[in-house]
Protein chains: 2
Amino acid sequence: MPPANTNKKQKLIDLKALGRASECLKTIAHPHRLRMVEMLLSGRYTVGELAEACGIPSHMASEHLRLMQRCGLLSSQRDGRRNYYEIAEPHLKGIMDCIQNRFG
Amino acid sequence: MPPANTNKKQKLIDLKALGRASECLKTIAHPHRLRMVEMLLSGRYTVGELAEACGIPSHMASEHLRLMQRCGLLSSQRDGRRNYYEIAEPHLKGIMDCIQNRFG
DNA sequence: TAATAATATCGTAATATAACGATATATCAA
DNA sequence: TTGATATATCGTTATATTACGATATTATTA
C-alpha cells in the first residue's frame, strides 16, 4: 500500500542537486563498477586487483575507476607503479547497503 | 581515511544481481525521475501532476514513469482517464534518504 | 455523437555510453 | 640501458539514451 498522500508541500531537493545526484548514480550504475565499490568499501585495492576480480582487462578497470574518481566517489594514491583506489564518498556505504538489502 | 583492508574474502553480491541493481540505478539516475520518486515517496500522483512539477510535457513524464514501472520501481492504478503512480519498491526510500543526506 | 482531456506510443535525430585494440607513460628490475 | 610490469589514454565502432513532435488510445462531458 502506498503512503497516504498528505498533499502537504514538502521541501523538495533543489533540481541542480538532483542533477548532481543523478550523475553519481549513473556513474555507479554498472555491474563492474558496483563490484569495485563493493570491494573498496572493505579497503583499498589496485587497478589490477579490481580488474581481476571483475574479469576485465586492467585498462578497462582503469577507465571505470577514472569515471568514479571524476565525480568524487573515489580517490587514489600511487605507490610505485601501483595505483591504489579507495572510497572518497562515505555515502556510498549507504547506497551499497540498500543494494545489499534488495539484491544481495 | 579508507577502512583498513582486512584482505578477508567477503561474500560478494552475485554479478547478475549487480546487473539488476545497475539497471534500477540507471533508471532512477535522471533529475526528473529522481524528482518523481521523491514526490511519490509522500503519496500517489497522476502523470499530469508529476509532469507539471517537473516542468515537462506529460507525454514525457509518461515515458519516464513507464521506464520506472518496467523495472518494478513503481506501479500504477488507473482511475477514469487519470493514471495514479505510486512507489512499488520500498527500498527507494533508503536510496532517497542517502541522496537527501548527501545532496539535500 | 462530437469535442475535449489525460495518458500512451511511435519515429527520429542528437547525444552519451560501452567495449576494446592500439599505443603511451611511468616505474622497477636485470 | 634494456626489458618487463602496471596503469592510463586514444580512436573507433556499436549500442543505448534522451528529447520531442506527431499520432493514437481511452474516458469523460456537452
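What you see is a predicted model, and the numbers here were worked out from it, not measured in a lab. To find a chain, count down the sequence lines: A is the first, B the second, and so on, and within it residues start at 1.
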Q. Would you call B:Glu23 and B:Arg20 a salt bridge, using N to O less than 4.0 angstrom?
A. no
Does [X] put a side-chain nitrogen or oxygen below 4.0 Å from OP1 or OP2 of [N]?
X: A:Ser62; N: D:dT7; value: no
X: B:Tyr45; N: C:dT7; value: no
X: A:Asn83; N: D:dA8; value: yes
X: A:His30; N: C:dA19; value: yes
X: A:Arg33; N: C:dA18; value: yes

Q. Salt bridge (Lys or Arg N to Asp or Glu O under 4.0 Å): which pairs involve residues 89-104 of chain B, sequence neighbours left out?
A. A:Glu89-B:Arg102, A:Arg102-B:Glu89, B:Lys93-B:Asp97
Q) Only one of A:Leu73, A:Leu67, A:Leu74 forms a side chain to side chain contact (heavy atoms under 4.5 Å, CB included) with A:Arg33, so which one is it? A) A:Leu67
(Q) Hydrogens and angles aside, do B:Ser75 and B:Gln69 bring a side-chain donor and acceptor to less than 3.5 Å of each other? (A) no
Q.
If you only use heavy atoms from C-beta on, which nucleotide in C:dA6, D:dT5, C:dA8 is closest to the side chain of A:Arg81?
A. D:dT5
Q: Determine the contact category for A:His32: base if any of its heavy atoms lies under 4.0 Å from a base atom, sugar-phosphate if only primed atoms, P, OP1 or OP2 are that close, otherwise nothing.
A: nothing
**Q.** Most 5' of A:Met60 and B:Tyr84 on DNA chain C, judged by nearest nucleotide
**A.** B:Tyr84
